[in-house]
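Each ligand, and each atom within it, is numbered from 1 in the order the structure gives. Numbers for residues simply follow the sequence, beginning at 1.
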Amino acid sequence: MKKLLEKIDCNNIPNHIAIIMDGNGRWAKNRGKLRTFGHEKAIQSVIETLNGCEELGIPYITLYVFSLENWNRPKQEIDSLMKLFHTNLKIHLEQIHEKNVKIITIGELKKFSEIIQKELLFFMNKTKHNTSGTLILALSYSAREEILRATKNIAEKICNGLFSIKDINYSFFRNHLYTKDLPDVDLIIRTSGEQRISNFLLWQAAYAELYFTNILWPDFRKKDLFEAIIDYQKRKRRFGNVE
Ligand code: IPE
Ligand code: IPE
Ligand code: MG
């Protein structure tokens, strides 16, 4: 592990990484267990990854916890996931607060139970002045929905005469996204071998580097994060320009 850490250039740490934490169900299935078992084991991977981010000093980390489309899963899986969120939120978000990290959520929180919403709002409020980093939890999140929502919001303001069409530019538009105060994503990591974005941060990741690994999320550890960062640091980011 120390060797891996030595390979990381501390002057080229991504400012914002986003992780598609995929493969919990397959991890459990491989062990002849219910999918829920994989979701339970995913928590340790989150803790380790956040510790790794803290060690590296990554300022922003977004975790894809639950997509809008994930609500279409069988009721039994949804119920167990909600139970898992409910029993774990308080203890883990409190620990994150103790590390002076700010917690933000993106997505349609209203779809969650009142208790879960209340807990999330409590921690968002409690951590709002924290300064050691920002953890963004994508919950009931859909990038297309986020973009539609922003578009409707802007259209309404224009209809009400508050703005005109010529006011719409990149920065105006981004100010209507869930992520309005957040920087663009530098690196997206997806576990489980799938090589797709699954409706995640379509606007914010326009120039993100993509890193795919076959590791299933419950097996993902700090060393895997470090490997992703080392790979990221080998990339030449051109943003459409020439070197
Ligand atoms: C990711 O793991 C967790 C959520 C989407 C909630 P999956 O549950 O998608 O696991 P696989 O991809 O089916 O193995
Ligand atoms: C993406 O994983 C969403 C999360 C990790 C929360 P999915 O398992 O839902 O994505 P697909 O269905 O493989 O595209
Ligand atoms: Mg999946």
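For the pair Arg174 (side chain) and Gln204 (backbone), a donor-acceptor distance under 3.5 Å is absent. Glu209 places no side-chain N or O within donor-acceptor distance of the main-chain N or O of Arg237, the cut-off being under 3.5 Å. Under the 3.5 Å distance criterion, the side-chain polar atoms of Arg221 are left unmatched by any main-chain donor or acceptor of Glu48. Using modelled atom types, no side-chain atom of Asn199 and backbone atom of Ser142 make a donor-acceptor pair closer than 3.5 Å. Under the 3.5 Å distance criterion, the side-chain polar atoms of Tyr232 are left unmatched by any main-chain donor or acceptor of Asp186. No donor-acceptor pair under 3.5 Å is formed between the side chain of Asp22 and the backbone N or O of Ser192.
Here is the list of ligand 1 atoms found below 4.0 Å of a heavy atom in His39: 3 (C), 8 (O). Residue Arg73 has at least one heavy-atom neighbour below 4.0 Å for each of these atoms of ligand 2: 7 (P), 8 (O), 9 (O). Listed by number with element, the atoms of ligand 2 under 4.0 Å from a non-hydrogen atom of Phe66 are 6 (C).
Between Glu108 and Arg149 there is no salt bridge, since none of the side-chain N atoms of the basic residue sits less than 4.0 Å from a carboxylate O of the acidic one. In this structure, Glu40 does not pair ionically with Lys33, as no charged nitrogen and carboxylate oxygen lie closer than 4.0 Å. Between Asp231 and Arg235 there is a salt bridge, since a side-chain N of the basic residue sits under 4.0 Å from a carboxylate O of the acidic one.
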Candidate pair His16 and Asp184, rule side chain to side chain donor-acceptor pair (under 3.5 Å), full reasoning: CA-CA 7 Å; His16 186 174; Asp184 277 353; over 6 Å; no
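The proximity of Arg35 to ligand 1, defined as any non-hydrogen pair under 4.0 Å, is limited to the side chain. Heavy atoms of Arg26 found under 4.0 angstrom from ligand 2: none, in either backbone or side chain. Heavy atoms of Glu69 found under 4.0 angstrom from ligand 2: none, in either backbone or side chain. Heavy atoms of Phe200 found under 4.0 angstrom from ligand 2: none, in either backbone or side chain. If you look at Val65 next to ligand 1, the close heavy atoms, those under 4.0 Å, all belong to the backbone.
Residue-to-ligand polar distances keep Glu194 apart from ligand 2: every N/O pair is separated by 3.5 Å or more. At under 3.5 Å, not a single nitrogen or oxygen of Trp27, backbone or side chain, sits near a nitrogen or oxygen of ligand 1.
For the atom pair CD1 (Ile136) and CD1 (Ile106), the distance works out to 7.0 Å, reported to the nearest 0.5 Å.
Ligand 2 lies less than 4.0 angstrom from a heavy atom belonging to Arg190. At least one heavy atom of Gly23 lies less than 4.0 angstrom from ligand 1.
The protein heavy atom nearest to atom 3 (C) of ligand 1 is Asn24 ND2, 3.5 Å. For atom 5 (C) of ligand 2, the nearest protein heavy atom (residue, atom name, distance) is Met21 O, 3.5 Å. For atom 6 (C) of ligand 2, the closest heavy atom belonging to the protein is Tyr64 O, 3.3 Å. What sits closest to atom 12 (O) of ligand 2 on the protein, heavy atoms only, is Arg196 NH2, 4.5 Å. Regarding atom 9 (O) of ligand 2, its nearest protein heavy-atom neighbour is Asn70 ND2, 2.9 Å. Here the protein heavy atom with the shortest distance to atom 10 (O) of ligand 1 is Gly25 N, 2.9 Å. The shortest contact between atom 14 (O) of ligand 2 and any protein heavy atom is with Ser198 OG, 2.6 Å.
Heavy-atom neighbours of Leu162 CG from other residues, nucleotides or ligands within 6.0 Å: above the threshold of 12.
Asp22 lies close to the Mg ion (ligand 3), since one of its N, O or S atoms is found at a distance under 2.8 Å.
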